[in-house]
**Student:** 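Take a look at the following structure, please.
Bear in mind that the values here come from a model prediction, so they are computed numbers and not experimental data. One-based numbering, in listed order, for ligands and for the atoms of each. Numbers for residues simply follow the sequence, beginning at 1.
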Amino acid sequence: MLSEIQQLHAVVEREIAEVINEEQLEQFRLRHLIKKGSLQGFIERLRNVPKEDKPLIGKELNALRLLAENFYRERNEYFEQRRKSKTERIDVTLPGRRSSIGSIHPIQRTMDDCISIFEKMGFAVAEGPDIETDYYNFGALNFAPDHPARDMQDTFFIRSDNADDIVLRTHTSSVQIRVMTSQKPPIRSIMPGRVYRNETVSARSLAEFHQLEGLYIDRHVTFADLKGTIITFAKEMYGKNSKFRFRPSYFPFTEPSAEVDISCYLCNGNGCRICKHSGWLEICGCGMVHPNVLKNCKIDPEEFSGYAFGFGIERVTLLRTGIDDIRLLYENDVRLLQQFR
Ligand code: PHE
């Protein structure tokens, strides 16, 4: 019986090498693997084999059975797969499915770009809290308690137990005070951040927006330094050909004070709806730090002078993108955001 099994083994091996289609595989199964097949015949005969021969013959038979069964199973799977892939054709010319990833919001991008321009000029970044005391937001910045200049910035008050002297900061100038009271000159810092004003939301203004303010305090700082810094920044941001002008203005914490205008990007200075037919758009407030502010921060105005400037990040974003309604920046409409990847 052993030699018969070995003969069958040789036959099976040969057949395995020859099976190339489903029809032949089916014939293989019918010959060997069904109840009336060759293997089952041997298994039945095994019962009558003398005890001492059983282990050896059993082992041979088992090896043969595994060989035939495994071959059948694997081949069958292979043919099935092949049949499927013929009916489910893959079109390799179809474009792939892109997974969509987010992008940096235009406001954050403007903020990042502004920061990097000032960092190249040697400014460090300083931050302060959004919720401020009246002192940091107004008092130390030379706003007298009843000074009408407080009305320039409509304030959100946060009620505390005994007073309404806690406010949402109306500008990042509050951080000027925090920097000047915690560092010694020379100071060269920018202060980016969120600010809040109790204003009606419109195409031009929001109740919550972003500013970036700059402060430079040292010996012999002049208005010429201020002009140079702002124009260097503005040319980097808006391009070499943009034109600027400084207009006298008023802020309690700077003297003299100025506002900076850029030639209107839309009409090139000829006058249009956006620039209210003036040809200019305001981009920035600035001035030389008021001596009273330096004194409030224990810096001697006889020894040190400095400049400060501040501008709105949303405004810069509108100017550089040509978006004409500030509210669009906060609607989170992907059709808008996708244009600024
Ligand atoms: N804090 C002013 C504002 O919010 C801007 C400014 C900053 C003006 C620094 C002068 C100097 O309008």
Side-chain angles (χ1 to χ4, degrees), residues 111 114-115 118 121 123 125-130 132 134-144 147-156 167-180 187-199 204-218 221-231 233-234 244-262 281-294 296-297 299 301 304-316 326:
M111 190 70 112
C114 291
I115 291 173
F118 284 112
M121 290 196 256
F123 286 83
V125 176
E127 284 179 313
D130 292 22
E132 270 294 8
D134 179 275
Y135 179 75
Y136 280 104
N137 197 77
F138 292 120
L141 285 157
N142 202 34
F143 287 80
H147 198 290
R150 286 179 188 235
D151 293 345
M152 282 163 74
Q153 301 174 357
D154 296 312
T155 310
F156 285 115
V167 303
L168 286 180
R169 67 180 177 195
T170 57
H171 51 183
T172 47
S173 305
S174 52
V175 189
Q176 274 189 43
I177 305 302
R178 294 187 173 271
V179 171
M180 284 192 280
I187 292 168
R188 196 190 283 161
S189 289
I190 48 170
M191 302 99 179
R194 215 173 260 258
V195 299
Y196 309 85
R197 291 189 195 174
N198 194 356
E199 268 174 36
R204 294 171 66 97
S205 58
L206 297 166
E208 184 182 330
F209 56 102
H210 297 78
Q211 283 189 335
L212 187 142
E213 180 147 331
L215 174 71
Y216 178 37
I217 310 280
D218 204 347
V221 179
T222 69
F223 202 91
D225 298 318
L226 170 60
K227 275 182 100 171
T229 304
I230 287 183
I231 293 201
F233 162 75
F244 304 95
R245 72 175 185 189
F246 285 68
R247 242 176 331 101
S249 185
Y250 173 76
F251 300 101
F253 40 93
T254 48
E255 180 62 35
S257 304
E259 274 169 309
V260 185
D261 296 339
I262 181 173
L281 292 163
E282 183 205 317
I283 53 166
C284 164
C286 61
M288 303 305 291
V289 179
H290 197 290
N292 287 350
V293 175
L294 294 176
N296 288 340
C297 302
I299 294 173
F304 292 103
S305 59
Y307 64 69
F309 57 85
F311 52 83
I313 295 295
E314 279 77 1
R315 171 55 79 86
V316 178
I326 200 165

**Student:** Kindly assign one of parallel, tilted or perpendicular to the pair Phe311 and Phe233, based on the angle between their ring planes and the thresholds 30° and 60°.
**Tutor:** parallel

**Student:** Heavy-atom distances under 4.0 Å decide this one: backbone, side chain, both or neither, for Phe309 against ligand 1?
**Tutor:**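 Within the 4.0 Å criterion, Phe309 contacts ligand 1 through backbone atoms alone.
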
**Student:** Can you check side-chain contact (heavy atoms from CB on, under 4.5 Å) on Val175 and Glu127, steps first, answer last?
**Tutor:** CA-CA 6 Å; Val175 189; Glu127 284 179 313; 5.7 Å; no

**Student:** Taking the six-membered ring of Tyr196 as reference, does the NZ or CZ atom of Arg169 fall below 6.0 Å from its centre and within a 45° cone about the axis?
**Tutor:**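 No, Arg169 does not lie over the aromatic ring of Tyr196.
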
**Student:** Indicate, as side chain, backbone, both or neither, the part of Arg169 found under 4.0 angstrom from ligand 1 when only non-hydrogen atoms are considered.
**Tutor:**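 Looking at Arg169 and ligand 1, no heavy atom falls under 4.0 Å.
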
**Student:** Among Gly214, Ala308, Ser173, whose heavy atom sits nearest atom 11 (C) of ligand 1?
**Tutor:** Ala308

**Student:** With atoms numbered from 1 as shown, which atoms in ligand 1 lie under 4.0 angstrom from a non-hydrogen atom of Glu213?
**Tutor:** 1 (N), 7 (C), 9 (C)

**Student:** Does ligand 1 have any atom sitting under 4.0 Å from a heavy atom of Arg197?
**Tutor:** yes

**Student:** Looking only at heavy atoms of Tyr307, does any of them come nearer than 4.0 Å to an atom of ligand 1?
**Tutor:**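 The answer is no, since Tyr307 has no heavy atom less than 4.0 Å from ligand 1.
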
**Student:** If I apply the N/O under 3.5 Å rule, does Thr170 come out as touching ligand 1?
**Tutor:**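 For ligand 1, there is no N or O atom that lies under 3.5 Å from one belonging to Thr170.
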
**Student:** Is it the case that Gln211 and His171 place a side-chain donor and acceptor less than 3.5 Å from each other?
**Tutor:** no

**Student:** Would you kindly specify which portion of Cys286 sits under 4.0 Å from ligand 1, judged on non-hydrogen atoms: side chain, backbone, both or neither?
**Tutor:**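 For Cys286, the contact with ligand 1 is made by the backbone alone.
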
**Student:** For atom 6 (C) of ligand 1, which of Ser249, Ala258, Gly285 has the closest heavy atom?
**Tutor:**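 Among Ser249, Ala258, Gly285, the closest heavy atom to atom 6 (C) of ligand 1 belongs to Gly285.
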
